[in-house]
Amino acid sequence: MLQELETNTELKNALLNSSNVVILTGAGISAESGVPTFRDKEGLWKKYRPEELANADAFMQNPQLVWEWYQWRRRLIHDVKPNPGHYALAEMEKLYPNFTLVTQNVDGLHREAGSSNVVELHGNIRRNKCFDCGKFVEVPDLDLQETPKCESCGGLIRPDVVWFGEMLPADAINLAFNVSRACDLFISVGTSALVHPAASLPVMAMQGGAYVLEVNPNATAITPSVDHTFYAPSGEILPDIVKFVKENRNQ
Ligand code: BV8
Ligand code: ZN
């Protein structure tokens, strides 16, 4: 893989001479930590239909089903650890003057790996809040089957994630839009690039004249338009990229 880094001068130039870097990650970067993705063959959506679970109507109709699904996912990710891909991005942050890590993931693994400037577009599955008054609530018991009720207003407690049909946190998505438009290097890692508005970020980067790189073992919705795709697992190729930049930067 490093040989590709040597021969492709445009890619080499983008990695070694960029100042404003934006990374967009999706479920694929956590796959090597053992977190199931959504749309891969063993993904979460294989067993469930997203419409049934990851939206507010489903929750209002059947809070128990949705609550238990999230509790099951939280148990699933309770002991998972960041993988070399997460750690490589935490390293990469130190190599560029402006570096923003925008994630669609809700597993919190980027922060756990040491990344500091993380923008969580879809919330965080480890947090809970009241559906009605928005108050954050600690629910330490991952085996709690009952959907808890808010002590202040009696509303139902829900995971603090963005469901289909819900607005993303305005500060997060606006920051993501601004940095994507202005960057000179954008790297899309482990996302099928199907869910909007996150999927519009690489397009904004392209329109802003950035070099757009993709890391994904499979082709995605944006593969035809990006500058280069590394068809490889992020846990393998990201450490190679960081090593290459460290060894060749400022030469
Ligand atoms: C909104 C909840 C608007 C948290 C999620 C028609 C056209 C365009 C848009 C729409 C449309 N109809 C509806 C919409 C809007 C909708 C949308 O985009 N739908 C899509 C599906 C068509 N978007 C929304 O509803 C958003 N809100 O638009 O609000 C609005 C406007 C006005 C007023 C009110 C509202 C909300 C979007 C957020 C939805 N929440 N999840 C949770 O439960 O987890 S979506 C879910 O998909 C996750 O959040 C995930 O982050 C996201 C994206 O999935 P990926 O991360 O890409 O994962 P996926 O499995 O798809 O792909 C994994 C990839 O990894 C694969 O490519 C695989 O090859 C790769 N991979 C595997 N192994 C590795 C790897 N890569 C690297 N290394 C490996 N080892
Ligand atoms: Zn409440």
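Order of appearance sets the numbers: ligands from 1, and atoms from 1 within every ligand. Since the model is a prediction, treat every value here as computed from it, not as a measurement. For this chain, numbers begin at 1 and follow the sequence in order.
Contact detail for Val139 and Trp67: the closest heavy-atom pair is CG1-CZ2, 3.9 Å. Across all non-hydrogen atoms, the minimal contact from Asp143 to Arg75 is OD1-CD, 3.1 Å. Annotation for Ser152 and Lys135: closest pair OG-CD, 3.1 Å, computed over non-hydrogen atoms. For the pair Ala198 and Leu121, the tightest heavy-atom approach, listed with the atom from each and the gap, is CB-CD1, 3.8 Å.
In terms of N/O distances under 3.5 Å, ligand 1 is approached by Glu32. Polar contact check, Gly190 against ligand 1: a nitrogen or oxygen pair lies under 3.5 Å apart. By the 3.5 Å distance cut-off applied to N or O atoms, Val195 is not counted among the residues near ligand 1. Inclusion of Asn105 in the set of residues having an N or O under 3.5 Å from an N or O of ligand 1 is not warranted. Here's the thing with Gly165: one of its N/O atoms is less than 3.5 angstrom from an N/O atom of ligand 1. In terms of N/O distances under 3.5 Å, ligand 1 is not approached by Pro233. On a distance-only criterion, Ser192 and ligand 1 share at least one N/O pair closer than 3.5 Å.
The shortest separation from a heavy atom of Arg73 to ligand 1 is under 4.0 Å, placing the residue in contact. Residue contacts with ligand 1 do not include Gly235, since none of its heavy atoms lies under 4.0 Å from the ligand. Note on ligand 1: Ile29 sits outside its first shell, no heavy atom being nearer than 4.0 Å.
In summary, Asp160 and Arg126 do not engage in a salt bridge, as defined by a charged side-chain N under 4.0 Å from a carboxylate O. The existence of a salt bridge linking Glu166 and Arg158 is confirmed by a sub-4.0 Å separation between a basic side-chain nitrogen and an acidic carboxylate oxygen. A salt bridge links Glu120 to Arg111: one of the charged nitrogens lies within less than 4.0 Å of a carboxylate oxygen.
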(request) Take Leu24 and Val189 through the test side chain to side chain contact (heavy atoms under 4.5 Å, CB included) and record every step on the way to the result. (result) CA-CA 6 Å; Leu24 171 66; Val189 182; over 6 Å; no
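Of the options Ala54, Pro36, Ala31, the smallest heavy-atom separation from atom 73 (N) of ligand 1 is shown by Ala31. Across the listed options Thr223, Thr191, Val106, Thr191 owns the non-hydrogen atom lying nearest to atom 57 (O) of ligand 1. Taking only non-hydrogen atoms, the option from Phe164, Tyr231, Trp69 nearest to atom 45 (S) of ligand 1 is Phe164. Selection from Tyr70, Phe38, Trp163 by nearest heavy atom to atom 43 (O) of ligand 1 gives Tyr70.
In this pair, Phe230 and His228 present their aromatic rings perpendicular. The plane angle is above 60°, beyond the 30 to 60° band.
With the Zn ion (ligand 2) as vertex, Cys133 SG and Cys150 SG subtend 110°, rounded to 10°.
Aromatic ring centroids of Phe59 and Phe131 lie under 6.0 Å apart.
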